[in-house]
There are 2 protein chains.
Amino acid sequence: MQQILKRAGLKSTRQRIGVLKLLKQAAKPLTAEELYDSAEDKTQINLSTVYRTLGTLTEKGVLLKTPGQDGKAYYQLNNSAHRHQLTCSVCHRVVLIESCPLEELGRRLSKTTGYTITGHSFEFIGICPSCAGHPHA
Amino acid sequence: MQQILKRAGLKSTRQRIGVLKLLKQAAKPLTAEELYDSAEDKTQINLSTVYRTLGTLTEKGVLLKTPGQDGKAYYQLNNSAHRHQLTCSVCHRVVLIESCPLEELGRRLSKTTGYTITGHSFEFIGICPSCAGHPHA
DNA sequence: GTTAGTGCAAACTCTTTGCAGCACT
DNA sequence: AGTGCTGCAAAGAGTTTGCACTAAC
């Protein structure tokens, strides 16, 4: 945890370590508010600090930021285990997609454009079987 | 244009047709504000109406909504010619990706999850060659 | 000791909503 | 004529920022 921060040239603080720990445990993308609410003792971190931490860690490439259809941004560790979402456009419930097919595509894109690809965000939108069944849910 | 609206069960209004026309011409995703500013005569449509129009057309599956890293939502026609973005995390300039590789993936996902896939949003994040060259731009 | 990070409160941006009037079918 | 759509103004949600204080190096 501290190593990640050191590598990024950032100071190790209780707040940052807390955020990283939560994201590591989560195994699904979390919003700033979810992180804030999950902080065991609410007084341990301020919402502004959550936002600032997420911002700097995203800039450093440590985190992946995925702006969702709901207007909130979802954050997760930027590693090969990251997950993407599938949102139902009727009931707005979210499920996770098993694997990420974009790594290879990113490598190809990197070659053709000269960009260094540091991450990606994506999300499918659809209608879940339950909403397709009773459309007025 | 009117046909699209009729098929979606919506009334044909000057404002909606204007929005659709602009999106058709654009060939790149636009934000609500860009659409509002592009309306030839500014008095022809209200910003709220732009948002409402984009919302209903997205719900009907006519438009594709892609929430960007910058906090704004980008809209485009939901057809096979749609485009995705590649954003530089340093200078925040945006370029377009040539093709969309997610159609096939969506079909597969539809089979495994039972969801009706109606769209997707995605974006790559990277560092453009120019920013990689002089990092302090 | 110095610099980077934090908390708090206020501000800002994008987007949504209530309501009265207008336009499409 | 009736219903859906629009404009306006005000509110809402999520996120950012200035400043004084604190903690990491």
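Just so it is clear: chains get the letters A, B, ... in the order the sequence lines come, proteins before strands, and each one is counted from 1.
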Asker: Between atom NZ in B/Lys6 and atom C1' in D/dG4, what is the gap in whole Å?
Answerer: 16 Å
Asker: Between the protein and nucleotides 23-25 of chain D, which nitrogen or oxygen pairs come in under 3.5 angstrom?
Answerer:
{"unit_1": "D/dA24", "atom_1": "N3", "unit_2": "A/Lys11", "atom_2": "NZ", "d": "3.3"}
{"unit_1": "D/dC25", "atom_1": "OP1", "unit_2": "A/Ser12", "atom_2": "N", "d": "3.3"}

Asker: Would you say A/Gln44 reaches C/dG7's phosphate, i.e. side-chain N/O to OP1/OP2 under 4.0 Å?
Answerer: no
Asker: Distance from A/Ser121 atom OG to B/Phe124 atom CZ, nearest 0.5 Å?
Answerer: 9.5 Å
Asker: When you compare the side chains of B/His120 and B/His84, does any donor N or O come within less than 3.5 Å of an acceptor on the partner?
Answerer: yes
Asker: CZ of A/Arg16 versus P of C/dG7: gap in Å, rounded?
Answerer: 11 Å
Asker: Roughly, in whole Å, what's the span from CD1 in B/Ile17 to C1' in C/dT25?
Answerer: 14 Å
Asker: For B/Asn78 and B/Gly61, indicate whether the former's side chain and the latter's backbone hold a donor-acceptor pair under 3.5 Å.
Answerer: yes
Asker: Are B/Lys28 and B/Arg83 close enough that some pair of their side-chain heavy atoms sits under 4.5 Å apart?
Answerer: no
Asker: Determine whether more than 12 heavy atoms belonging to other residues, nucleotides or ligands lie under 6.0 Å from atom CD of A/Gln3.
Answerer: no
Asker: Keeping B/Arg14 on the side-chain end and B/Gln44 on the backbone end, is there a donor-acceptor pair under 3.5 Å?
Answerer: yes
Asker: What is the distance, rounded to the nearest whole Å, between atom NZ of A/Lys60 and atom C1' of C/dG5?
Answerer: 13 Å
Asker: Rounding to an integer number of Å, can you tell me how far B/Gln15 CD sits from C/dA23 C1'?
Answerer: 9 Å
Asker: Taking only residues at least two apart or on different chains, which pairs with a member in residues 54-68 of chain A satisfy side-chain hydrogen bond (donor to acceptor under 3.5 Å, both in side chains)?
Answerer: none
Asker: Quick one: does A/Gln76's side chain get under 4.5 Å of A/Leu30's, heavy atoms only?
Answerer: no
Asker: Rounded to whole angstroms, how far apart are CG on A/Asn46 and P on D/dT15?
Answerer: 15 Å
Asker: From CD of A/Gln2 over to P of C/dG5, roughly how many Å is that when rounded to an integer?
Answerer: 15 Å
Asker: What distance do A/Ile127 atom CD1 and B/Ile117 atom CD1 have between them, rounded to the nearest 0.5 Å?
Answerer: 9.5 Å
Asker: Check the distance between D/dT6's P and B/Leu35's CG and give it to me in whole angstrom.
Answerer: 14 Å
Asker: Between protein and nucleotides 13-17 of chain C, what N or O pairs are separated by less than 3.5 Å?
Answerer:
{"unit_1": "C/dT15", "atom_1": "OP1", "unit_2": "B/Ala73", "atom_2": "N", "d": "3.0"}
{"unit_1": "C/dT15", "atom_1": "OP2", "unit_2": "B/Tyr51", "atom_2": "OH", "d": "2.5"}
{"unit_1": "C/dT15", "atom_1": "O5'", "unit_2": "B/Tyr51", "atom_2": "OH", "d": "3.4"}
{"unit_1": "C/dT17", "atom_1": "O4", "unit_2": "B/Ser48", "atom_2": "OG", "d": "3.2"}

